[in-house]
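Proteins get letters first, then strands, A, B, ... in listed order; numbering begins at 1 in each.
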Amino acid sequence: MTELAVISGGLREPSSTRLLAERLEASVRKELGTLDIAAGSSFVELRPLGHPIIDAMITGFAAPALEEAFETVAEADGVIAVTPAFNASFSGLFKSFFDVLPEETLSDMPVLIGATGGTERHSLVLEHALRPMFSYLHAIVSPRGVYAATEDFGAPAQEGSALGRRITAAAADYARLVQGCGSHQRRDAFTEELTSMEQLLGGSDGESRR
Amino acid sequence: MTDMQWGIFTVGDVTRDPTTGRTPSEAERIQDTVTIARKVEEVGLDVFATGEHHNPPFVPSSPTTLLGHIAALTERIILSTSTTLITTNDPVKIAEDFSVLQHLSAGRTDVMLGRGNTGPVYPWFGQDIRQALPLSVEHYGLLRRLWREEVVDWEGKLRSPLQGFTLAPRPLDGVPPFVWHASIRTPEVAELAAYYGDGFFANHIFWPSSHTQKMVELYRRRFAHYGHGTPTEAIVGLGGQVFMRRNSQDAVDEFRPYFDNAPVYGHGPSLEEFTSMTPLTVGSPAQVIEKTLGFRDYVGDYQRQLFLIDHAGLPLKTVLEQLDLLGEEVVPVLRKEFAIGRPAGVPAAPTHQSLLRARAASEAATPDATPTEGLTKQ
Ligand SMILES: Cc1cc2nc3c(=O)[nH]c(=O)nc-3n(C[C@H](O)[C@H](O)[C@H](O)COP(=O)(O)O)c2cc1C
């Protein structure tokens, strides 16, 4: 079973970001289905994690609810990440989540990026903000992201709409990427650090330890 | 001394008291620290440990100077650090400083080593934080030899070589101070402690107990792996953080402004959230006893418990009252309770005397062993 983690950073209720995330998720599962890949998905909604995210920045550790969200992402084989555009970038909350997410969690992770905004003139937020951040985090970012402006949501939500077509095309790309990547090997920093220490000690000058 | 050692560890922060707006001077903070250490002895606790910091608002930049002074004013307590920076201090200087302290304190000295996580400190001492890990390993390897071998020829990668170097003074009775390695959540430190069969001190405070559990479990397992004994024979210490009043609501009300404005965790989670997620206990002595007894449920029976009680701008008078409560009501109960059901194989906390006895025992077992451990051949 391929597991998808869907991260949605919308703040309003109802949230257009969540709406886009859901449509991406449904479309990706459908495309994976045509590749004979069964997929499950879990949503990580950032709004209720707002306080824990800031607390984690201050204290350096995650409260249980946030820890659970980290686990969901770490256990996934693919991530769909959608943010509202705020001031021509991702929202601060969205960025903050990835600032506190344990290092290496997204290494080699196929990621589909999406954003919503008030104006379609800000669609490059995908290329100028989201893509570089995920590349930096060593994720494998799917070639096509989806940006939905208020106008897009105004249009009828059927398959044939412009937004619908963009979603389908992005989901098809992403499904092939997920297929190609296979199941995600979770990086375990704890074990990696331990191994490097073992090597370092093994390489020390052989003095009696007792 | 009993099987478990009880004491306090101080960070040595100079912090404004948020309830009065008053910030103590550095001179005051240092004198207060001495008063606190003497009180540790007076109320019957076992250990006083000081941090090492090299920037304001902290005062303990020279721990062995402070501990040497306290050694002269006390008779019984063990003086330790929390922690001595193994990365930025030169191992030769650490060996010298602690040898002298051992002699001055008649063996009431041990040392807790840590890596230090304040980046800017490294260049102040000519080091590079990117080398933190190799520095810890190399420096500690050398430190051990300085304390154990009469004449040291040494060559490493990160420090100039030594030729025919002899540490002066030699450690008291030829027995080096017991070494603890301290960490919050870096597995490397647990591994280093396990490799050498030294003690492992989990900072414990400010973090969820799950981190501590994982680290101690790792240390115990690796201690056994390296052939130093069973996992229960490993030597474990824990930090803790308490604030007490007889009436638990009074403790919460009084501590809250200090909590809310504290360095490290202030302006973050609420006091209630933080106490539920970390070992911090704010309440009555009975609540502190209960929470502390719970520690062994996730680390096993252990050897040393140190509390942080003097940070975040708490005034001296309040800190001394905390020590009265610890000494009169909390620690005596904990000593008794921890003794109940403590398995026979769990070692007592190491002291200079116990290390001397252990050495005598091992010499008796192997008659032609060299007279001191110090002469182990390469
Ligand atoms: C502080 C703030 C800044 C915003 N900046 C932009 C912007 O620069 N470009 C844009 O297209 N929309 C901007 N918007 C509009 C949001 O991106 C848009 O309303 C989004 O769809 C809200 O998502 P939600 O319904 O999931 O909360 C901004 C909204 C807020 C609250």
Check whether any side-chain heavy atom of B:F274 lies under 4.5 Å from a side-chain heavy atom of A:T59, and answer yes or no.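 B:F274 reaches A:T59 side chain to side chain.
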Separation between [atom1] of [X] and [atom2] of [Y], rounded to the nearest 0.5 Å:
{"X": "B:Y226", "Y": "A:L201", "atom1": "OH", "atom2": "CG", "answer": "5.5 Å"}
{"X": "A:D55", "Y": "B:M277", "atom1": "CG", "atom2": "CE", "answer": "6.5 Å"}
{"X": "B:E188", "Y": "A:L194", "atom1": "CD", "atom2": "CG", "answer": "8.0 Å"}
{"X": "A:E193", "Y": "B:E191", "atom1": "CD", "atom2": "CD", "answer": "11.5 Å"}

For side-chain contact (heavy atoms from CB on, under 4.5 Å), just list the numbers for B:L192 and A:M197, CA-CA rounded to whole Å, side-chain angles, deciding distance to a tenth of an Å, and then say yes or no. CA-CA 8 Å; B:L192 185 61; A:M197 188 63 176; 3.7 Å; yes
Where does [X] contact chain A at under 4.5 Å (heavy atoms): side chain, backbone, both or neither?
{"X": "B:Y265", "answer": "both"}
{"X": "B:S136", "answer": "neither"}
{"X": "B:L218", "answer": "side chain"}
{"X": "B:E138", "answer": "neither"}

More than 12 foreign heavy atoms under 6.0 Å from [atom1] of [X]: is that the case here?
{"X": "A:E192", "atom1": "CD", "value": "yes"}
{"X": "B:E272", "atom1": "CD", "value": "yes"}
{"X": "A:R166", "atom1": "CZ", "value": "yes"}

Would you mind checking which part of A:A56 comes under 4.5 Å of any heavy atom in chain B, side chain (CB onward), backbone (N, CA, C, O), both or neither?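 Neither part, no heavy atoms under 4.5 Å.
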Given that the side chain runs from C-beta out, which part of A:T195 has a heavy atom under 4.5 Å from chain B: side chain, backbone, both or neither?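 Neither part.
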Could you tabulate the donor-acceptor pairs under 3.5 Å formed by side-chain atoms of residues 69-77 of chain A, not counting sequence neighbours?
residue, atom, partner, partner atom, Å
A:E71, OE1, A:R186, NH1, 3.2
A:E71, OE2, A:R186, NH2, 2.8
A:T72, OG1, A:E68, O, 3.0
A:E75, OE2, A:R186, NH1, 2.5
A:D77, OD1, A:H184, N, 2.9
A:D77, OD2, A:E3, N, 2.8

Could you go through the side-chain contact (heavy atoms from CB on, under 4.5 Å) check for B:R185 and A:F190 one step at a time? CA-CA 9 Å; B:R185 58 167 194 175; A:F190 192 83; over 6 Å; no
Testing the basics here: between A:F61 and B:F206, what is the closest heavy-atom pair and its distance to 0.1 Å?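 In terms of heavy atoms, the two residues are closest at CE2-O, 2.9 Å.
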Which of B:K214, B:H267, B:H211, B:E273 touches chain A most, by non-hydrogen pairs under 4.5 Å: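 It is B:K214.
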